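Just below is one structure, and these are the notes that go with it.
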Amino acid sequence: MSKPKVTLTRRWPASVEAILQDEFDVTFNKDDKPLTLAQLHTALQNSDAVCPTVSDKIDAKVLGAADIKATLLASYGVGYNHIDMGAAQAASLSVTNTPGVLTDCTADLAITLMLMCARRAGEGERELRAGQWTGWRPTHMMGRSLKGKTLGLVGMGRIAHATAKRAAHGFGMNIIYYNPRPAKAENLADIKAVKCNGIDEVLAQADFISLHCPGSPETHHLINESALSKMKPSAFLINTARGDVVQESALIKALRNQQIAGAGLDVFEFEPNISADLMQLNNAVLLPHLGSATEETRIAMGLRVVDNLRAYFSGNTPPDKLI
Ligand code: DGY
């Protein structure tokens with residue numbers, strides 16, 4: 001029996017590509033360059049499953065290709081706002097993602113950003129590498145402590161919970177949160193989190209605001225000029241969720257005017273393009289979408305896609321089926 005044809009849009013960890021090669025008829029992206037619209041069309045027309053990543057925009061234009069052969073989009077990543085689900089459904093495609101396996105890794109990065117902001121780590125490294133450090137002194141580059149501060153979470157899913165656990169148990173922080181729906185009991189275990197009635201309460205009370213909501217039309221520019229104006233001048237904004245949850249132009253203004261203390265960003269509204277104005281700001285810590293970027297996690301994400309492909313092509317429901 002012929003093997004199902006599978007296309008990967010980017011390079012994946014070698015050990016996962018080797019497993020896929022054994023079990024499927026795979027088209028790899030050896031150059032690791034993002035596929036063009038025409039290449040995505042070809043992939044959908046020639047493969048049984050296409051495996052995009054969170055940086056491939058799979059919109060109605062892509063999914064409107066004539067003669068689509070693929071019946072599965074097995075996405076490599078937990079977020080799926082890069083896929084137009086309505087258009088996928090209209091094209092009779094099933095969609096899967098990779099939840100769970102990147103929770104701890106992303107929570108680690110949210111804490112990394114909090115610490116980098118609070119302890120001015122990026123600023124300090126820039127000073128040292130520029131040869132401008134003149135030696136230890138009592139008033140040099142003083143930051144803030146996390147202990148006793150309030151972490152405000154926007155969203156209370158798995159990653160928010162893992163971030164809160166680290167913040168509460170590792171750093172002695174108090175936790176408050178807002179989630180539009182009642183949070184699952186397992187996501188509240190162990191963290192003594194206080195529920196807020198709206199996002200404004202979180203914005204007004206927290207010393208660190210960490211975003212953990214999905215990217216969607218409802219969360220687009222959730223953090224805009226008005227939201228930023230509700231934060232304490234001493235507070236930091238942390239974003240490991242999706243770039244367009246924050247209106248970049250409004251954030252730049254707030255950071256430039258020191259209306260808030262700083263921001264730690266792993267995702268950006270127009271990534272991979274970063275505004276030159278943002279790059280100038282010393283009170284912004286900027287990372288290139290590294291939330292899930294550990295070898296262990298990226299392999300686990302790939303294996304999760306393998307599980308979804310195996311289940312789908314053996315006629316079973318994939319474990320991470322979204323539609
Ligand atoms: C995701 O999976 O949604 C992340 O943004 C990339 O790991």
Side-chain angles (χ1 to χ4, degrees), residues 8-17 29 32 34-35 49-59 72-85 88 95-114 153-163 166 187 210-220 222-223 237-246 248 263-274 285-309 318-323:
L8 306 193
T9 64
R10 300 304 293 259
R11 279 250 89 119
W12 288 16
S15 59
V16 185
E17 286 194 349
N29 178 350
D32 202 21
L35 297 190
V50 174
C51 302
T53 70
V54 298
S55 55
D56 296 304
K57 198 168 163 53
I58 310 292
D59 58 11
L72 175 65
L73 290 174
S75 192
Y76 179 104
V78 63
Y80 50 88
N81 62 314
H82 57 294
I83 300 175
D84 181 331
M85 293 302 235
V95 179
T96 59
N97 66 340
T98 64
V101 288
L102 41 76
T103 301
D104 286 320
C105 196
T106 309
D108 288 348
L109 202 85
I111 297 287
T112 303
L113 286 170
M114 285 165 60
L153 300 160
V154 176
M156 187 37 96
R158 283 180 292 249
I159 298 173
H161 176 235
T163 304
R166 286 156 173 73
N187 289 344
S210 191
L211 304 176
H212 297 283
C213 47
S216 72
E218 292 74 45
T219 59
H220 179 81
L222 182 70
I223 305 299
L237 178 71
I238 307 297
N239 191 5
T240 55
R242 279 296 178 263
D244 74 343
V245 176
V246 178
E248 194 163 282
L265 308 173
D266 186 45
V267 288
F268 301 86
E269 185 170 1
F270 307 107
E271 71 182 60
N273 301 317
I274 312 296
V285 173
L286 311 175
L287 296 181
H289 206 146
L290 295 178
S292 62
T294 64
E295 282 180 25
E296 297 87 342
T297 301
R298 290 285 165 86
I299 290 170
M301 290 164 74
L303 294 177
R304 196 75 180 220
V305 180
V306 172
D307 286 347
N308 285 316
L309 290 169
D320 305 312
K321 183 172 159 57
L322 295 163
I323 56 170

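Whatever order the structure lists ligands and atoms in, that order sets their numbers, starting from 1. In this text the structure is predicted, and so the values were computed from the model without any measurement.
Within the listing of ligand 1, atoms 7 (O) sit less than 4.0 angstrom from a heavy atom of Met301. Atoms of ligand 1 lying under 4.0 Å from any heavy atom of Gly79, numbered from 1 in the order shown and given with element: 1 (C), 2 (O), 3 (O). Close approach to Leu102 involves these atoms of ligand 1, each under 4.0 Å from a residue heavy atom: 2 (O), 7 (O).
The main-chain N or O of His289 is found under 3.5 Å from a side-chain atom of Asp266 such that the two form a donor-acceptor pair.
For a threshold of 3.5 Å applied to N or O pairs, the pair formed by Arg298 and ligand 1 contains no separation below that value.
When each of Arg10, Arg11, Arg298 is paired with Glu17, the salt bridge (charged side-chain N to carboxylate O under 4.0 Å, His left out) condition holds for Arg11 and for no other. Exactly one residue among Val246, Val267, Ile238 makes a side-chain contact (heavy atoms from CB on, under 4.5 Å) with Leu211. That residue is Val246.
Between atom CG of residue Leu113 and atom CG of residue Asp108 there is a gap of 11.5 Å, rounded to the nearest 0.5 Å.
Atom 2 (O) of ligand 1 has its closest protein heavy atom at Val78 N, 2.7 Å. In terms of protein heavy-atom proximity, atom 3 (O) of ligand 1 is nearest to Arg242 NH2, 2.7 Å. When only non-hydrogen protein atoms are considered, atom 4 (C) of ligand 1 lies nearest to His289 NE2, 3.7 Å.
Of all the heavy atoms of Thr106, none lies under 4.0 Å from any atom of ligand 1, so neither backbone nor side chain is involved.
More than 12 heavy atoms of other residues, nucleotides or ligands lie within 6.0 Å of OH in Tyr76, so this atom counts as buried by the packing criterion.
When Ser292, Gly77, Ala241 are checked for heavy-atom proximity to atom 6 (C) of ligand 1, Ser292 turns out nearest.
For the pair Thr96 and Val305, the minimum side-chain heavy-atom distance is 4.5 Å or more. Annotation: side chain of Arg166 is in contact with side chain of Asp104 (closest heavy-atom distance under 4.5 Å).
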